[in-house]
Asker: 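Take this structure, written in structure tokens, and hold onto it; I'll ask about it next.
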Protein chains: 2
Amino acid sequence: MPVTLRPGQALGLWREVTLAQVVDDAPDLTIRQLAILLTVYLEPPPHTIRGLAARLQVTKPVITRALDTMGAMKLVARHRDEADKRNVLVRRTVEGSLFVEKIGDTIIAKARELPT
Amino acid sequence: MPVTLRPGQALGLWREVTLAQVVDDAPDLTIRQLAILLTVYLEPPPHTIRGLAARLQVTKPVITRALDTMGAMKLVARHRDEADKRNVLVRRTVEGSLFVEKIGDTIIAKARELPT
DNA sequence: CTCGGTCGTTACGGTTCCGTATCAAGTAGC
DNA sequence: GCTACTTGATACGGAACCGTAACGACCGAG
């Protein structure tokens with residue numbers, strides 16, 4: 001069932017979801033980390049460090065560090081590209097899928113709670 | 001004009017807006033800082049440090065530090081409560097209003113770009 | 001084989017954030 | 001006045017992040 005979103009409600013929805021992220025025991029991700037995570041899970045593979053850096057317009061070390069952190073959280077995984085061993089491919093994990101899915105559920109849930 | 005949001009699109013919208021925040025020169029706020037900012041601007045005053053800490057379920061120093069940072073960015077302002085001088089009231093600023101408004105515009109703009 | 005170019009990682013110094021604990025200022029009851 | 005309580009700010013050590021710069025591993029043209 002689709003949810004209608006009026007301009008005045010958009011910010012309220014954003015606030016509710018952001019707040020839910022903070023209040024929950026959810027891993028405390030940076031905005032950048034979140035952007036990386038969502039890109040990996042919503043855009044078709046393959047995902048390379050270089051590609052992600054270009055997509056987010058940040059430097060490569062930012063991506064490397066974010067992958068270190070999120071890798072420790074098991075939200076993403078690294079994998080050498082066998083075809084071109086210079087590349088590192090970023091892959092999804094079960095834990096990451098569940099985490100992203102949960103965010104989606106939160107958005108929809110909060111959207112439904114909006115005053116009509 | 002309202003925008004319809006289907007479950008499968010919610011995450012895509014979230015990604016687009018988060019990405020826009022990263023790519024823009026927007027002040028690099030923490031998730032927590034963003035939650036505080038949106039709460040101050042979307043919920044009716046007054047806002048106290050204690051109240052915000054309780055609302056976000058974080059400790060008081062977190063709020064104090066966030067207000068230090070966002071205060072330096074002119075996104076919020078502190079003001080002593082004259083009635084009870086122990087309290088500090090968090091108030092909105094012109095710059096903060098513009099920033100929050102811009103986020104709202106981004107959400108709506110990205111929502112309209114979603115595939116029908 | 002060699003050498004320029006590309007890839008991701010690491011090193012560095014600096015800044016910011018965290019949580020816990022402590023603090024000064026202010027209030028209210030006695 | 002004095003004490004118990006509340007409020008927000010601060011101190012501290014530790015952790016994470018940033019951007020710049022340098023690094024080793026790898027590819028591919030010649």
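Within every chain, numbering begins at 1; the chains are lettered A, B, ... in the order of the sequence lines, protein sequences first and strands thereafter. Any value given below was found using the heavy atoms of this structure, including those in side chains, with hydrogens, waters and symmetry copies removed.
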Asker: Near DNA chain C, counting only heavy atoms under 4.0 Å, which residues of residues 38-47 of chain B show up?
Answerer: none
Asker: Can you see which heavy atom on A:I107 is nearest to which on A:V17, and at what distance?
Answerer: CA-CG2, 3.9 Å
Asker: Using nucleotides 26-30 of chain C, report all nitrogen or oxygen pairs with the protein that are shorter than 3.5 Å.
Answerer:
{"unit_1": "C:dG26", "atom_1": "N2", "unit_2": "B:R86", "atom_2": "NH1", "d": "3.1"}
{"unit_1": "C:dT27", "atom_1": "OP1", "unit_2": "B:K85", "atom_2": "N", "d": "3.1"}

Asker: In chain order, what residues pass the side-chain hydrogen bond (donor to acceptor under 3.5 Å, both in side chains) check against B:R15, with sequence neighbours excluded?
Answerer: A:T39, A:E43
Asker: Rounded to the nearest 0.5 Å, what's the gap from NZ on B:K74 to OG1 on B:T93? Could you check?
Answerer: 9.0 Å
Asker: Report the distance from atom CD1 of A:I49 to atom P of C:dT10, rounded to the nearest whole Å.
Answerer: 11 Å
Asker: My understanding is that only residues two or more places apart in sequence, or in another chain, count here; which of them pass side chain to side chain contact (heavy atoms under 4.5 Å, CB included) with B:A66?
Answerer: B:Q33, B:I36, B:M70
Asker: Provide the closest heavy-atom pair for B:W14 versus A:L13 in the form atom of the first, atom of the second, distance.
Answerer: CH2-O, 4.4 Å
Asker: So, using side chain to side chain contact (heavy atoms under 4.5 Å, CB included) as the criterion, who are the partners of A:V88 when residues are at least two apart?
Answerer: A:I49, A:R78, A:R80
Asker: Do any pairs count as a salt bridge (charged side-chain N to carboxylate O under 4.0 Å, His left out) and have a residue in residues 83-92 of chain B, sequence neighbours left out, and if so which ones?
Answerer: B:D84-B:R86
Asker: Through direct or indirect side-chain contacts below 4.5 angstrom among Ile, Leu, Val, Met, Phe, Trp and Tyr, which residues connect to B:L98?
Answerer: B:V94
Asker: Looking at every heavy atom in both A:Y41 and A:L75, which two are closest together, and how far apart are they?
Answerer: OH-O, 2.6 Å
Asker: Say whether, by atom type as modelled, one donor and one acceptor occur between the side chain of A:H47 and the main chain of A:V40 under 3.5 angstrom.
Answerer: yes
Asker: Bend angle of the helix from C:dC1-D:dG30 to C:dC30-D:dG1 from five-pair axes at both ends, rounded to 10°?
Answerer: 10°
Asker: Closest approach of A:L29 and A:F99, non-hydrogen atoms and distance?
Answerer: CD1-CE2, 3.8 Å
Asker: Set out, line by line, the N/O atom pairs under 3.5 Å between protein and nucleotides 11-20 of chain C.
Answerer:
{"unit_1": "C:dC17", "atom_1": "OP1", "unit_2": "B:Q33", "atom_2": "NE2", "d": "2.6"}
{"unit_1": "C:dC17", "atom_1": "OP1", "unit_2": "B:T69", "atom_2": "OG1", "d": "3.1"}
{"unit_1": "C:dC17", "atom_1": "OP2", "unit_2": "B:T69", "atom_2": "OG1", "d": "3.1"}
{"unit_1": "C:dC18", "atom_1": "OP1", "unit_2": "B:R32", "atom_2": "NH1", "d": "3.1"}
{"unit_1": "C:dG19", "atom_1": "OP1", "unit_2": "B:R32", "atom_2": "NH2", "d": "3.3"}
{"unit_1": "C:dG19", "atom_1": "OP2", "unit_2": "B:R32", "atom_2": "NH1", "d": "3.3"}
{"unit_1": "C:dG19", "atom_1": "N7", "unit_2": "B:R65", "atom_2": "NH2", "d": "3.2"}
{"unit_1": "C:dG19", "atom_1": "O6", "unit_2": "B:R65", "atom_2": "NH1", "d": "3.1"}

Asker: Measure across A:A35 and B:L19 and return the closest heavy-atom pair with its distance rounded to 0.1 Å.
Answerer: CB-CD1, 4.0 Å
Asker: Any side-chain heavy atom of B:L34 within less than 4.5 Å of one from B:I103?
Answerer: yes
Asker: What residues, two or more places apart in sequence or in another chain, satisfy side chain to side chain contact (heavy atoms under 4.5 Å, CB included) together with A:R65?
Answerer: A:P61, A:V62
Asker: If you walk 5' to 3' along DNA chain D, what is the first nucleotide with an atom under 4.0 Å of a heavy atom in chain B, and what is the last?
Answerer: D:dT6 to D:dT10
Asker: Send over the distance from A:L52 CG to C:dT9 C1', rounded to a whole Å.
Answerer: 15 Å
Asker: How would you list, by chain and number, every residue that makes a salt bridge (charged side-chain N to carboxylate O under 4.0 Å, His left out) with A:D105, sequence neighbours excluded?
Answerer: none
